[in-house]
Amino acid sequence: MSDREIQDSVIRALADAPYRASPEWRGLALADPARLERFARFLARHFYHERLVHFFKYSRALARVTGRRPEAVLHSAGFDALLSTAVLGSRATARAVAALAVNHVRPADGAQPIPYLNDLLEYEQAMMVVEAGPRVWRDAGKGEGGRGKGAPPELVEGTVLLDLAYDLPTVLPKLLQPWTEVPQAAPLRVKLLIARSPHGRVTVARADAAVASVVELADGRKTLPELAREAGLRSEDLDATLAGLADLGAVRFATGS
Amino acid sequence: MSDISVGAFYNPHLGAELARATGIDHLAMADPPASHDPHWPAIKQRYTLLLHDYLGQLSEPLDERSIARARSLAELYRTPWVAEHFQCLHTEDGRYNINYVFPPLYTEEFLRRFVTNAKALQARLDQPLVMENIPGFFDVKASQLSEPVWLRRFFETTGAGFLLDLPHVWLEAHYRAMQPAAWLAEFPLDRVVELHVAGVAEDDDLQGPWIAPAAPSDEMLDFMGLAVSRCPRAQAVTFDAFSPSLTPEVLLSSVERIRGAL
């Protein structure tokens, strides 16, 4: 085992609670288990504090109306219960932590002082989950991300298409400005695509009908002509849509390998 | 009167206060300025800015994208030096990331890695590189050298400057049940270019003190005075607090107390 591999095992032990409990890790006897556990718990709270503050910043701005700050869940029994299974950066743990925040902010009695709150929480939760997952930290210089000529496009794992009942994009910036009356969102069906680049940059874009069709149909098996036919798009429109989606990190092109 | 530059971190939520503050010589930049930050033009015009962003972990070579970003930020800030950390916080395959400063193993292999990659970065920068020490909360049994010895060898081989984070040294001494001054004396203080000073706070998970965006205690300021007296090449002391929870009162009074203690 190289020193780099040992370092990786320590990093994994700090990030991955099931690994930390495994005989594989314990057998290495690299660190005092109690101290490592304390540090891992500290890291978990820090890791998800940063993400809740960032991704739930809009419902955080509404806390003076809802009375609920999303990051308060980090000191709840629910979060403590997650710690024994948490894997920092995984989609499963992101989903579980985001769900705690959503349940905390959403009124328990069904009273809804902010009509678009459910949409907002769904959006924030989706943002946090999409951001999760392994990422490319260093470019390998092998030209990854290139588009195979005519290769079947497939939706990148984790990409989300949201179907909302309120026009959230117009109200989000207003929530972060000073306000006295809660900014309102117009009732309007809006589809939003949330995708992440290989380097971890999360992007949100309004999705038109063409985007929505391609996102739903791109499975890595359908050829471009099949996709164009099923989506009802001309070839040049499909190319433009796919180029935009690839730039966002929403689709990639299957290589067959 | 000391001629050491005294500063703080640029906290964008305190932009208005920092734009009109007096008694601050420099600001360290942990993040690039937001495009909509109304105070950035005044901040940029007024202060010496120190690049202190996450550029990458030097256990691996920085890729071209990271180097280009470092160069671009250094040019934007007109920084006198570029800072990075002795850290290794994500696995080589990118699968696990703890998103928090974490030291490498202090081994010969990691020393070679950091030296090689720091030299490669130095060759691409127009400014000197300084490297900051990172505290360990627990020892990893695979380490072969003490942290101070490992750091000294790194600095001797690369010629890089040392960004000495004093709370990090203080915390390590605390968890080793050592006197902070005794632990400090083992570090290569002749290489120090900049010092970081801040407070510490109790953490429930760690069941002890840890890094916090808090005002330095009198004990920490005394420790800073001792450290500066032993760092003949020190040029700057920075109040190391970067957090949305930081208030202008804590930032401004901490800088004032640091200046008073020098």
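Order of the sequence lines sets the chain letters (A, B, ...), proteins ahead of strands, with each chain counted from 1.
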Do other residues, nucleotides or ligands put more than 12 heavy atoms under 6.0 Å from the CD atom of B:Glu202?
yes

Options A:Leu36, A:Leu28, A:Asp32, A:Val53, ranked by heavy-atom pairs under 4.5 Å with chain B, top entry
A:Leu36

One option among B:Thr91, B:Leu89, B:Asp139 has the most heavy-atom pairs under 4.5 Å with chain A, and it is B:Thr91

Applying a strict 4.5 Å limit to non-hydrogen atoms, the region of A:His199 in contact with chain B is side chain

Measuring only between side-chain heavy atoms, which start at C-beta, is B:Phe102 closer than 4.5 Å to A:Leu43?
no

Give a yes or no on whether B:Asp204 atom CG has more than 12 heavy-atom contacts from other residues, nucleotides or ligands under 6.0 Å away.
no

Can you confirm whether B:Arg113 sits close enough to A:Asp3 that some side-chain heavy atom of one is under 4.5 Å from a side-chain heavy atom of the other?
no

Quick check on the interface: out of B:Glu60, B:His90, B:Arg65, B:Lys141, who has the most heavy-atom pairs with chain A under 4.5 Å?
B:His90

Toward chain A, the part of B:Pro61 with a non-hydrogen atom under 4.5 Å
both

Taking atom CZ of A:Arg4 and atom OG1 of B:Thr107, what is their separation to the nearest 0.5 Å?
10.5 Å

Could you measure the distance from the CG atom of B:Asp205 to the NE2 atom of A:His46? Nearest 0.5 Å is fine.
12.0 Å

A:Phe42 vs B:Tyr100, ring pair (Phe, Tyr, Trp, His ring centres under 6.0 Å): CA-CA, chis, key distance, verdict:
CA-CA 10 Å; A:Phe42 163 81; B:Tyr100 193 82; 5.2 Å; yes

Check whether any side-chain heavy atom of A:Phe47 lies under 4.5 Å from a side-chain heavy atom of B:Asn97, and answer yes or no.
yes

Among B:Pro104, B:Ser143, B:Gly56, which residue has the highest count of heavy-atom pairs closer than 4.5 Å to chain A?
B:Pro104

Can you tell me how far apart CZ (B:Phe110) and CD1 (A:Ile6) are? Round to the nearest 0.5 Å.
8.5 Å

Identify which one of A:Val10, A:Leu14, A:Asp8, A:Val87 satisfies the side chain to side chain contact (heavy atoms under 4.5 Å, CB included) criterion when paired with B:Tyr96.
A:Val87

Calculate, to the nearest 0.5 Å, the distance between atoms CD1 and CD1 belonging to A:Ile11 and B:Ile98 respectively.
6.0 Å

Winner by heavy-atom pair count (cut-off under 4.5 Å) against chain A, out of B:Glu108, B:Arg95, B:Glu92:
B:Glu92

For the candidates B:Ser59, B:Cys88, B:Pro244, B:Ala142, which exhibits the highest count of non-hydrogen atom pairs separated by less than 4.5 Å from chain A?
B:Cys88

Do other residues, nucleotides or ligands put more than 12 heavy atoms under 6.0 Å from the CD atom of A:Gln184?
yes

Tell me, yes or no, whether the heavy-atom count around A:Arg201 atom CZ, taken from other residues, nucleotides or ligands under 6.0 Å, exceeds 12.
no

What distance do B:Leu206 atom CG and A:Arg41 atom CZ have between them, rounded to the nearest 0.5 Å?
12.0 Å

Neighbour count above 12 (heavy atom, 6.0 Å) for B:Glu156 CD
yes

Rounding to 0.5 Å, atoms CZ (A:Arg12) and CG (B:Asp93) come to a distance of 9.5 Å

Residue part contacting chain B, namely of A:Glu50, when any heavy atom lies under 4.5 Å
side chain

What part of B:Gln57 gets within 4.5 angstrom of chain A, counting heavy atoms only: side chain, backbone, both, or neither?
side chain

Check each atom of A:Ser9 against the heavy atoms of chain B and say whether the ones under 4.5 Å are side chain, backbone, both or neither.
neither

